[in-house]
Amino acid sequence: MLRFSGSGVTDVGLVRDHNEDSAFVGPYLALVADGVGGAAAGEIASATTTYAVSALALGRPDADPREVLREAVALARVQLLEGVTHDVRRAGMATTLTAVATDGSRVALAHVGDSRAYLVHEGRLAQLSSDHTYVQQLVEQGHLTTDQARVHPWKNVVLRALPGSDVGEVEVADVLELDVAPGDRLLLCSDGLSDLVTDDQLSEALALGDPQSAAATLVEEALAAGGVDNITCVVLDVVDGPRVVGDGVLLGAVRDLHNVVNPSAVQTP
Ligand code: CA
């Protein structure tokens, strides 16, 4: 059976005074969420989403991972809306979400915003997610090169995220099945990493033997490049083996349950 064997590191960075990123690393689910919003709402958005998605996925180990991720995104949206209803100062809060899930045979990715998922297959690095940003749209339309996008003054303008507002039945996240195999390595990261670390640095660090060393090296490199934002990265090896017991590890803002709008809304098994 397929599962993930991985490790994550998050760091507040050198400029921000608190960490608005959250992450989860488990054998059947891993994710990164990067929150935005004034009045301490960024960490509420990322923590609430991380908690809702991980708790829901833990309760559905055998379901189609695409369905699990779609349901989890819907639950997170309800929770974010509830959070704004309870405290109007959180209006405008939102979060990215980049999550991978597996039921042991299928692997799915859910993605919204400008966090990223990468795959290393047979030593070659490929970006699996497409940034929901204004500059990425310009790249896809042929108006900018990827190098120009990297330094563009509007590179942080995100077109899609999980909002704390009611946007109706619109599908906000891309959900797709991934073609991965044992031996592949996945990287999930917030833009605090991908804005500061080059593809060559990513490839080099991801070639390190164990996920913990790779994740720690990448965070060190983002800090060395200025650490201007919160930095989160999760490195996962896709492995084949018997089902394991163990829920996973929470990282970043979600480690403080005060940041989760309503922890009891999701029953963990
Ligand atoms: Ca960020």
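Each ligand, and each atom within it, is numbered from 1 in the order the structure gives.
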ask   = Are C189 and Y118 side-chain neighbours, meaning at least one heavy-atom pair lies under 4.5 Å?
value =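 C189 reaches Y118 side chain to side chain.
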message = Please check this pair: side chain of D237 against backbone of V239, looking for a donor-acceptor N/O pair closer than 3.5 Å.
response =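 No: the side chain of D237 does not pair with the backbone of V239.
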inquiry  = Any side-chain to backbone donor/acceptor pair from N259 onto A47? Under 3.5 Å, distance only.
reply    =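 Looks like no, no N/O pair under 3.5 Å.
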query = Near the Ca ion (ligand 1), is there an N/O/S atom from D229 that is less than 3.0 Å away?
reply =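 D229 does place an N, O or S atom closer than 3.0 Å to the Ca ion (ligand 1).
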H18, NE2: over 12 other non-hydrogen atoms inside 6.0 angstrom =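 Atom NE2 in H18 is crowded, with more than 12 foreign heavy atoms closer than 6.0 Å.
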Of the N, O or S atoms in D34, the one nearest the Ca ion (ligand 1) =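 Atom name returned: OD2.
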query = Looking at D191, which of its N, O or S atoms is the nearest one to the Ca ion (ligand 1)?
reply =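 Atom name of the closest N, O or S in D191: OD1.
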